[in-house]
Amino acid sequence: MTTIISPQQFSPVEDAENIRKSCQGWGTDEKAIISILGHRNLFQRKLVRLAFQEIYHQDLLQQLKCELSGNLERAISLWTLDPADRDAVLANETLQKSDPDYRVIIEIACIRSPEDLLAVKRAYKFRYKHSLEEDLASSTTADIRKLLVGVTSAYRYDGDEFDETVAQSEATTLHQEIHGKAFNNEEVIRILSTRSQAQLNATFNIYKDIYGHSITKGFPGGDYFSTLRTVIRCIRDPKKYFAKVLRSAINMEETNEDALSRVIVTRAEKDLKDIKELYLKRNNISVDEAVAREWSGDYKTFILALLGADQN
């Protein structure tokens with residue numbers, strides 16, 4: 001979504017030099033940094049980071065962490081990272097919290113492509129000298145551990161083909177296992193952690209046809225079923241899921257900058273346009289307007305740049 005500078009106008013060396021100038025003197029020129037990094041695509045950001053390292057023998061991310069602070073520093077740092085490394089950082093940060101937000105893990109495990117998830121796990125192991133599954137297992141217990149380690153360990157088929165007979169059989173299995181008196185999560189986890197998105201969506205659709213409601217309707221309470229609901233929503237309709245995360249981040253009594261930054265930064269170069277359209281349709285206000293209303297200062301300026309809503 002972010003407005004990208006054309007290759008003819010782009011100079012990584014010039015960008016690196018201008019960022020360095022923005023960090024010198026009595027105060028940091030945040031707006032200058034935003035005007036550069038907020039309008040560079042993934043490939044361009046990589047080149048700027050390489051140029052900065054080559055010219056100044058310093059990691060651009062370390063420079064940004066020293067010069068910026070708060071929500072702006074976090075958002076720009078995440079944006080500057082490569083996607084796999086970014087997801088590894090997000091996953092590790094949430095697992096370090098006393099009350100982890102498992103949505104972060106589920107988004108990475110269930111919405112990223114199989115190859116992207118594999119890259120995240122490699123980046124995580126390189127950064128933290130543990131596997132993502134190992135740290136996830138250490139941070140969770142019981143059924144939630146089985147579910148999250150299961151979907152994170154998956155390497156799913158990524159095509160559009162599905163088997164309708166399997167979908168019918170597994171729709172019945174899911175209903176029996178979730179709503180039966182003797183709840184057994186083993187089959188639920190097997191299905192959700194091994195089947196492709198296309199196969200699972202066929203199963204969810206047949207489930208609705210057979211039972212007259214979506215699979216998540218009537219879930220019992222508790223943390224496990226809340227986690228299971230998020231897994232299913234991320235697999236079933238990622239864009240709708242992200243639109244809901246944005247609505248919650250913006251409309252909470254205390255706005256949630258972590259969730260807002262995470263969605264905008266991770267989806268800006270993927271499907272943010274579609275997510276914005278869904279948000280507008282469901283909330284009668286654009287994401288751009290909602291962000292401009294709820295936030296101020298340089299953080300707002302940067303998020304609006306990624307949304308493509310600024311004037312640069």
Side-chain angles (χ1 to χ4, degrees), residues 100-114 116-117 136 140-249 259 263 267 271 274-275 277-279 281-283:
D101 182 356
Y102 294 127
R103 293 181 306 172
V104 176
I105 303 296
I106 296 166
E107 290 165 16
I108 294 168
C110 298
I111 296 177
R112 308 305 189 252
S113 72
D116 286 346
L117 176 57
L136 184 55
T140 52
T141 58
D143 290 341
I144 290 179
R145 172 192 286 163
K146 293 177 185 176
L147 176 61
L148 293 181
V149 171
V151 296
T152 305
S153 301
Y155 187 85
R156 306 173 191 271
Y157 167 67
D158 202 22
D160 295 327
E161 295 83 359
F162 62 89
D163 187 320
E164 189 168 351
T165 302
V166 170
Q168 289 176 332
S169 171
E170 292 187 343
T172 303
T173 299
L174 287 171
H175 186 267
Q176 290 172 343
E177 300 299 345
I178 292 170
H179 297 287
K181 291 182 180 178
F183 173 70
N184 176 10
N185 70 345
E186 300 296 336
E187 278 296 276
V188 175
I189 292 171
R190 176 190 67 79
I191 293 168
L192 292 178
S193 64
T194 61
R195 298 303 187 193
S196 69
Q197 184 182 33
Q199 184 66 50
L200 285 169
N201 274 315
T203 300
F204 300 152
N205 290 336
I206 289 174
Y207 186 104
K208 188 172 184 179
D209 290 342
I210 296 172
Y211 301 105
H213 57 79
S214 70
I215 188 173
T216 55
K217 187 174 182 181
F219 267 16
D223 291 342
Y224 173 75
F225 280 98
S226 175
T227 305
L228 183 63
R229 183 181 292 108
T230 301
V231 168
I232 291 171
R233 285 176 173 170
C234 283
I235 292 169
R236 186 171 59 190
D237 194 337
K239 294 170 188 175
K240 181 179 176 182
Y241 163 82
F242 280 125
K244 287 184 174 180
V245 174
L246 284 178
R247 182 178 64 187
S248 178
V263 175
R267 308 317 294 180
D271 52 6
D274 296 332
I275 294 166
E277 289 173 359
L278 267 176
Y279 186 95
K281 185 176 179 181
R282 291 176 172 271
N283 299 282

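Since the structure is predicted, the reported quantities are computational estimates derived from the model, not experimental observations. Nothing fancy with the numbering, it's 1 onward along the sequence. Hydrogens, waters and symmetry mates play no part in the numbers below; they use all other heavy atoms, side chains included.
Under a 4.0 Å N-O distance rule, the pair Glu170/Arg190 qualifies as a salt bridge. Salt bridge annotation for Asp271-Lys239: absent, with no cationic side-chain nitrogen under 4.0 angstrom from a carboxylate oxygen.
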From CA spacing to verdict: side chain to side chain contact (heavy atoms under 4.5 Å, CB included), Ile215, Arg236: CA-CA 10 Å; Ile215 188 173; Arg236 186 171 59 190; 4.1 Å; yes

Candidate pair Leu246 and Arg267, rule side chain to side chain contact (heavy atoms under 4.5 Å, CB included), full reasoning: CA-CA 12 Å; Leu246 284 178; Arg267 308 317 294 180; over 6 Å; no

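Applying the side chain to side chain contact (heavy atoms under 4.5 Å, CB included) test between Ile144 and each of Leu148, Leu147, Thr141 identifies Leu148 as the sole match.
Taking all atoms of both residues into account, the shortest heavy-atom contact from Ile105 to Thr152 is CG2-OG1, 3.8 Å. Shown here for Thr203 and Ala171, the closest heavy-atom pair between the two residues is CG2-N, 3.6 Å. Heavy-atom minimum distance, Ser193 versus Val151: CB-N, 3.8 Å. Ala198 and Gly159 get closest at one heavy-atom pair: CB-O, 3.6 Å. Across all their heavy atoms, Phe242 and Val263 have their closest contact at CD2-CG2, 3.8 Å. Considering every non-hydrogen atom in both Leu192 and Leu228, the closest pair reads CD1-CD1, 3.2 Å.
Looking only at side-chain heavy atoms (C-beta outward), Asn201 and Phe162 stay at 4.5 Å or farther from each other. Arg103 is listed as a side-chain neighbour of Tyr241, based on a closest heavy-atom distance under 4.5 Å. In this structure the side chain of Tyr102 never reaches within 4.5 angstrom of the side chain of Thr230, judged on heavy atoms. Side-chain contact between Asn205 and Lys208: absent, with no pair of heavy atoms (C-beta onward) separated by less than 4.5 Å. With a 4.5 Å cut-off on side-chain heavy atoms, Glu164 and Ile206 count as touching. At a threshold of 4.5 Å between non-hydrogen side-chain atoms, the residues Phe219 and Ile232 count as touching. Proximity of His175 to Ile210: side-chain heavy atoms (C-beta onward) are nowhere separated by under 4.5 Å. With contacts defined as side-chain heavy-atom distances shorter than 4.5 Å, the pair Arg156/Leu200 qualifies.
Checked by atom type and distance alone, the side chain of Arg112 never pairs as donor or acceptor with a backbone atom of Leu117 at under 3.5 Å. Gln197 contributes a side-chain N or O that, together with a main-chain N or O of Ile235, makes up a donor-acceptor pair within less than 3.5 Å.
For Asp160, the CG atom sits in a loose shell: 12 or fewer heavy atoms of surrounding residues, nucleotides or ligands are nearer than 6.0 Å. Counted within 6.0 Å of CZ on Arg282, heavy atoms from surrounding residues, nucleotides or ligands total 12 or fewer; the atom is thus considered open. Asp223 CG: 12 or fewer foreign heavy atoms inside a 6.0 Å radius.
Tyr157 meets the ring pair (Phe, Tyr, Trp, His ring centres under 6.0 Å) test with no other residue; sequence neighbours excluded.
The structure places OH of Tyr207 at 12.5 Å from CG of Asp209, a figure rounded to the nearest 0.5 Å. Lys244 contributes atom NZ, which lies 11.0 Å from atom CG of Asn283 (distance to the nearest 0.5 angstrom). Within the model, atoms CZ of Arg229 and OG of Ser214 stand 9.0 Å from one another, a figure rounded to the nearest 0.5 Å. Within the model, atoms CG of Leu174 and NE2 of His179 stand 9.0 Å from one another, a figure rounded to the nearest 0.5 Å. Between atom OG of residue Ser153 and atom CD1 of residue Ile189 there is a gap of 11.0 Å, rounded to the nearest 0.5 Å. The distance from the CG atom of Asp163 to the CD atom of Gln168 is 9.0 Å, given to the nearest 0.5 Å.
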